[in-house]
Novice: 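Take a look at the following structure, please.
Throughout, residue positions are numbered sequentially from 1 according to the sequence presented. In what follows, every heavy atom counts, from backbone to side chain, and hydrogens, waters and symmetry copies are set aside.
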Amino acid sequence: MKTLKILTISIVVILVTLNVACNKKNNIKDLSSEILGTYTGTLNSNNQKSITDAVADVTESGDNQIEIHCYGNEIDTTFVQRLFDDGDTIQMCSTGDDFYNEYGHQMTNQSEHHDMMTDTNGLSWMHHMDEEHNENDKHFGFFKPSEGTFSYTFNLMSGGVSYTAVFNGTKK
């Protein structure tokens, strides 16, 4: 009888623990809510050694995924990025074909490969870097929500010459 009682309590504890762990998917941290909006700033181009005014509109395009429309005299482009928590910084990385074109492989399904105890649904920057990247892989942008800033480095091509242009903006 005592063994049955211990077994019953053990089963209940295991079921409750599994239920809480499996329902963690419903508690996805919303990183995009901290950064959505319009950022005004400058685009600094290394090939022309010029600085021009630019704007970046950041909108939500999915769970912890954003669309960025950056425009000004020198640029007009729209792209999608997935967000990752990195302490006081929100890092971002390409998605889909853009990810494949940049890194040469598809991104794994991160939400199924995370550690439930230390990572909130695959949103940890460290987890992303460990799972998806080699140590020399580059990333091009980030947000600092506490400062209301956004920075992104564009790799551009003009007349057969590649160059970079860096957008630095502050949230309106």
Side-chain angles (χ1 to χ4, degrees), residues 28-111 114 118-172:
I28 296 173
K29 184 176 180 180
D30 182 12
L31 298 174
S32 62
S33 67
E34 300 179 52
I35 59 170
L36 298 178
T38 299
Y39 294 78
T40 57
T42 58
L43 188 69
N44 186 356
S45 172
N46 76 342
N47 79 327
Q48 300 170 355
K49 298 190 178 12
S50 66
I51 298 176
T52 60
D53 291 335
V55 175
D57 291 323
V58 180
T59 57
E60 187 172 27
S61 67
D63 286 340
N64 289 301
Q65 194 166 287
I66 56 171
E67 181 177 280
I68 300 169
H69 178 207
C70 190
Y71 55 95
N73 290 336
E74 302 293 321
I75 196 166
D76 188 354
T77 188
T78 301
F79 56 102
V80 174
Q81 297 280 282
R82 180 159 164 79
L83 303 174
F84 298 92
D85 190 1
D86 190 20
D88 67 343
T89 303
I90 295 177
Q91 302 281 359
M92 54 192 193
C93 188
S94 300
T95 62
D97 289 341
D98 291 337
F99 183 92
Y100 181 82
N101 292 336
E102 182 65 36
Y103 305 111
H105 62 89
Q106 296 294 334
M107 185 183 290
T108 61
N109 185 351
Q110 290 210 340
S111 63
H114 70 279
T118 60
D119 185 19
T120 307
N121 294 309
L123 298 177
S124 159
W125 182 245
M126 226 165 44
H127 173 80
H128 171 73
M129 294 301 290
D130 287 345
E131 287 284 316
E132 302 297 341
H133 292 285
N134 297 320
E135 68 180 81
N136 296 329
D137 286 352
K138 295 184 181 180
H139 288 83
F140 304 100
F142 61 89
F143 292 87
K144 290 274 193 182
S146 64
E147 298 171 9
T149 59
F150 165 53
S151 181
Y152 193 86
T153 301
F154 295 94
N155 293 313
L156 304 171
M157 180 80 74
S158 177
V161 176
S162 64
Y163 66 98
T164 61
V166 179
F167 173 81
N168 286 303
T170 304
K171 193 173 183 179
K172 280 182 162 181

Novice: Side-chain contact test, heavy atoms from C-beta onward, threshold under 4.5 Å: evaluate it for Asp53 versus Thr42 and give yes or no.
Specialist: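 Yes - at least one pair of side-chain heavy atoms lies under 4.5 Å apart.
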Novice: Carefully, step by step, assess Asp57 and Tyr71 under the rule side chain to side chain contact (heavy atoms under 4.5 Å, CB included).
Specialist: CA-CA 9 Å; Asp57 291 323; Tyr71 55 95; 3.1 Å; yes
Novice: Can you list the steps and then say if Asn155 with Ser162 is a side chain to side chain contact (heavy atoms under 4.5 Å, CB included)?
Specialist: CA-CA 7 Å; Asn155 293 313; Ser162 64; over 6 Å; no
Novice: Taking all heavy atoms of Gly141 and all of Gln91, pick out the closest pair and write down the distance.
Specialist: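 Where Gly141 meets Gln91 most closely, the heavy atoms are O-OE1, 3.8 Å.
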Novice: If you measure from OG1 on Thr78 to CD1 on Ile68, what distance do you get to the nearest 0.5 Å?
Specialist: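 Nearest 0.5 Å value for the OG1-CD1 distance: 9.5 Å.
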Novice: Look only at the side chain of Asn64 and the backbone of Leu31, and say whether a donor-acceptor pair between them is shorter than 3.5 Å.
Specialist: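 Pair found, side chain donor or acceptor close to backbone of Leu31.
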Novice: Looking at every non-hydrogen atom in both residues, tell me the closest pair between Ser94 and Gln81 and how far apart they are.
Specialist: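 Reported closest heavy-atom pair: CA-NE2, 3.3 Å.
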Novice: So do the side chains of Cys93 and His128 get within less than 4.5 Å of each other, counting heavy atoms only?
Specialist: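 Yes, their side chains come closer than 4.5 Å.
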Novice: Would you confirm whether Asn46, through its side chain, and Tyr163, through its main-chain N or O, come within 3.5 Å as a donor-acceptor pair?
Specialist: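 A pair under 3.5 Å: no.
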Novice: Would a line drawn from the ring center of Phe167 to the ring center of Tyr39 be shorter than 6.0 Å?
Specialist: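 When the ring centroids of Phe167 and Tyr39 are compared, they turn out to be at least 6.0 Å apart.
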Novice: Taking atom OG1 of Thr77 and atom CG of Leu156, what is their separation to the nearest 0.5 Å?
Specialist: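 Answer rounded to 0.5 Å: 8.0 Å.
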Novice: Tell me whether Lys171 contacts the main-chain N or O of Leu36 through its side chain, where contact means a donor paired with an acceptor under 3.5 Å.
Specialist: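 Yes, because the side chain of Lys171 sits within donor-acceptor range (under 3.5 Å) of the backbone of Leu36.
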Novice: Taking the six-membered ring for Trp, is the centroid-to-centroid distance between Phe154 and Phe79 below 6.0 Å?
Specialist: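 So the answer is yes for these two rings.
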Novice: With a 4.5 Å heavy-atom cut-off, do Thr153 and Lys138 have their side chains touching?
Specialist: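 No; the side chains remain at least 4.5 Å from each other.
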Novice: Which distance, rounded to the nearest 0.5 Å, do you find between the CE of Met92 and the CD of Gln65?
Specialist: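 The CD atom of Gln65 is 12.5 Å from CE of Met92, to the nearest 0.5 Å.
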Novice: Using a 4.5 Å cut-off on heavy atoms from C-beta on, say whether the side chain of Thr38 contacts that of Val55.
Specialist: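 Val55 reaches Thr38 side chain to side chain.
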Novice: Kindly compute the distance separating NE2 (His69) from CG (Asp76), expressed to the nearest 0.5 Å.
Specialist: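 CG of Asp76 is found 4.0 Å from NE2 of His69.
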Novice: Please report the interatomic distance OG1(Thr52) to CG(Asn44), rounded to the nearest 0.5 Å.
Specialist: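 It comes to 8.5 Å.
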Novice: What is the distance from atom OG of Ser32 to atom CZ of Arg82, rounded to the nearest 0.5 Å?
Specialist: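 Between Ser32 OG and Arg82 CZ, I get 11.0 Å after rounding to 0.5 Å.
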Novice: Tell me, do Phe143 and Val58 make a side-chain contact under 4.5 Å, heavy atoms counted?
Specialist: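 Phe143 reaches Val58 side chain to side chain.
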